[in-house]
Amino acid sequence: MKMGKEKLLKYVLPIVVCVLVIFLIIIFLLIKNGNKQNVEKEVEGYAKLVEHNGDVYTFVSNDYNTYTYTGYADMNDFYYDVTCVSKKNEKNEYFLDDALINKKEKIIVDYGVYDDITQILKGKYYKVEKENKYGIIDYKGNIIIPTTYEYITISSIQNENECVFVCELANKYDYINENGKIMMSSENLLDVSCYNKFNDDYNTIVIIGKEKNRKYFNLISGEEVFKEEKDINFKYNMQIKDKKVMIYNKDMSIKEEIDSTDSYNISANVYYKKYIVLSEMKLLDGKRSNKYTVFDENYNKVFIADNEVFLIQDMNEEIYFIVKDENSVLIHNKKGLVKEIESHSFDIKNNEKGRFIVLKRINSNIYDVYDFKGNVILEDIFSYKYSNGLLTVTKNIENVSVDYILFGKDNLKQIISGENVISDKYVIIENIENKNISIYDIYGKILVENIEGLKELYSDNCIIVRNDINYSVYDINKGKKVFEYVKDDFISKIDSLQLIKLKSGIYSYSGKEILK
């Protein structure tokens, strides 16, 4: 018996130790991930100025903490926990000295270092001036561009977080990236643009100049690329030139080269930022022959067809390949053919993520609606449109056009054309007779029913309605009213933080008092 226990311990103990180690590793990763999320939240560091009375400034952050500061002549909103402040100059009260401080009022850039500091790009950078010359610093106070230029403008590339600084000195222009590297110089002011990024993981290529004089630069490194190329059609990390297609890796090395010398037309279109359809038009023995190749975000070939291909996503973001044949429409997924629907054609409008596919009857102006398995959902509609993945249709009822939202088979809700709101989370439908509001989720489930009032504001999580006396805030997720205030007490809304400013104080949309 003793030997049996020893033998059992011999095998059980290592298993217990392994389980314990795995458990500790999971706990460590969760804590690490939580800390990372906290750091990322802190990096945002946004706080909006909500009250200003004399030299007293009050801010509310995006996590609804309040901060009050006194003794400043001017302050900006906080970004990355940093803002620009001004104080009166000790020698001349008509002048202001600028500085950068954090939320704890620790000085990041001291007064007098620069003559002027201006917040730009939502506080990611600050434009600084010294002795009538300009430069750029970041929110940590690091010098990106020294104060040596007579003028600086910002050319936004993809969004407000990516830019090129165009700096002028003695009628010469330097084009500088966010790392402070001069990419090129010119005697003239040139256009700055960017090729269409297929995936945010891929390096951004900046285009400076026009037509055959354009140059290409890697925005991150600032190095010139494609030096030998003078005029290229370059998008989604795919270059099309001289009937050749070059596909590039993230480091801009060549992944694949496609020879299409027998094609008379080549083009590429992107879908959902995840797929590219490369179209090649050819003439073989005097007959037109086409080829459509679909690439995923890693430039792997996932689908090939001889007829035109369109891509649609369902609500689970599964991709479907819709092929237009001569007299039918073929629905494919990654596994193969799902169904062929005869005597119908595919409508180009029908390329938005949703739950249905709209097909037009051949030689007719009538449409039918199918699901992604090819089953009929609704027949005999005259027109349709997509709004955030939901389908609105028009049917002819006793010679009268009536509009509906289609939630599913046998689930139509009549709507007032142009008066309804469709978001990616819910639908606001106004009653045809009394104009009262009901809210449904995107599958047709009722969330809030028969609200009396007019739409005042709606966001991802709430809707505010008003009548002659009150405003009422309804929480979409909870399906009920969470806050109400008198119309005469209302001052303003602070949309960036979803706050309501009343005479009695500042409140969140849920009714939580933030500031008296």
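Just so it is clear, the values below take in all heavy atoms, side chains as well, and ignore hydrogens, waters and symmetry mates. Starting from 1, each residue takes its place in the sequence as its number.
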Please find the pair of heavy atoms, one from [X] and one from [Y], that lie closest to each other, and give the distance.
| X | Y | answer |
| --- | --- | --- |
| Asn431 | Ile416 | O-CD1, 3.7 Å |
| Phe356 | Phe407 | CZ-O, 3.8 Å |
| Ser496 | Tyr46 | OG-OH, 3.2 Å |
| Phe372 | Gly354 | CE1-O, 3.4 Å |
| Phe303 | Ala305 | CE2-CB, 3.8 Å |
| Ile258 | Phe295 | CD1-CZ, 4.0 Å |

Taking NZ in Lys127 as the centre, count heavy atoms belonging to other residues, nucleotides or ligands within less than 6.0 Å. Is the count above 12?
yes

Can you name the residues that form a side-chain contact (heavy atoms from CB on, under 4.5 Å) with Lys181, not counting sequence neighbours?
Asn177, Glu223

Under the salt bridge (charged side-chain N to carboxylate O under 4.0 Å, His left out) rule, collect the residues that match up with Asp306, sequence neighbours excluded.
none

Please determine, by modelled atom types, if Thr394 and Ser383 share a side-chain donor-acceptor pair under 3.5 angstrom.
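Judged by distance alone, the side chains do pair up.
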
Compute whether any side-chain donor of one residue and acceptor of the other, for Gln313 and Tyr271, lie under 3.5 angstrom apart.
no

Counting N and O atoms only, with roles assigned by atom type, does the side chain of [X] sit under 3.5 Å from a partner on the main chain of [Y], one being a donor and the other an acceptor?
| X | Y | answer |
| --- | --- | --- |
| Lys395 | Glu379 | yes |
| Ser345 | Ile362 | no |
| Tyr175 | Leu190 | yes |

Anything under 3.5 Å between a donor and an acceptor, one on a side chain of residues 468-476, the other on a protein residue two or more places apart or in another chain? List them.
{"from": "Ser472", "atom 1": "OG", "to": "Glu484", "atom 2": "OE2", "distance (Å)": "3.2"}
{"from": "Asp475", "atom 1": "OD1", "to": "Asn477", "atom 2": "N", "distance (Å)": "2.8"}
{"from": "Asp475", "atom 1": "OD1", "to": "Lys478", "atom 2": "N", "distance (Å)": "2.9"}

Could you give all pairs that pass the side-chain hydrogen bond (donor to acceptor under 3.5 Å, both in side chains) test and reach residues 437-451, with sequence neighbours left out?
Asn436-Asn450

Begin with the C-alpha distance, continue with both residues' side-chain angles, and end with the deciding distance and a verdict on salt bridge (Lys or Arg N to Asp or Glu O under 4.0 Å) for Lys48 and Asp495.
CA-CA 11 Å; Lys48 183 170 183 61; Asp495 293 334; over 6 Å; no

Tabulate below the donor-acceptor pairs under 3.5 Å that side-chain atoms of residues 315-329 make, not counting sequence neighbours, or state none.
{"from": "Glu317", "atom 1": "OE1", "to": "Lys274", "atom 2": "NZ", "distance (Å)": "3.4"}
{"from": "Ser328", "atom 1": "OG", "to": "Glu340", "atom 2": "OE2", "distance (Å)": "2.8"}

Using atom types as modelled, flag every donor-acceptor pair under 3.5 Å from a side chain in residues 330-339 to any protein atom, sequence neighbours excluded.
{"from": "Asn333", "atom 1": "OD1", "to": "Lys335", "atom 2": "N", "distance (Å)": "2.9"}
{"from": "Asn333", "atom 1": "OD1", "to": "Gly336", "atom 2": "N", "distance (Å)": "3.1"}
{"from": "Lys334", "atom 1": "NZ", "to": "Tyr275", "atom 2": "OH", "distance (Å)": "3.3"}
{"from": "Lys339", "atom 1": "NZ", "to": "Gly374", "atom 2": "O", "distance (Å)": "3.4"}

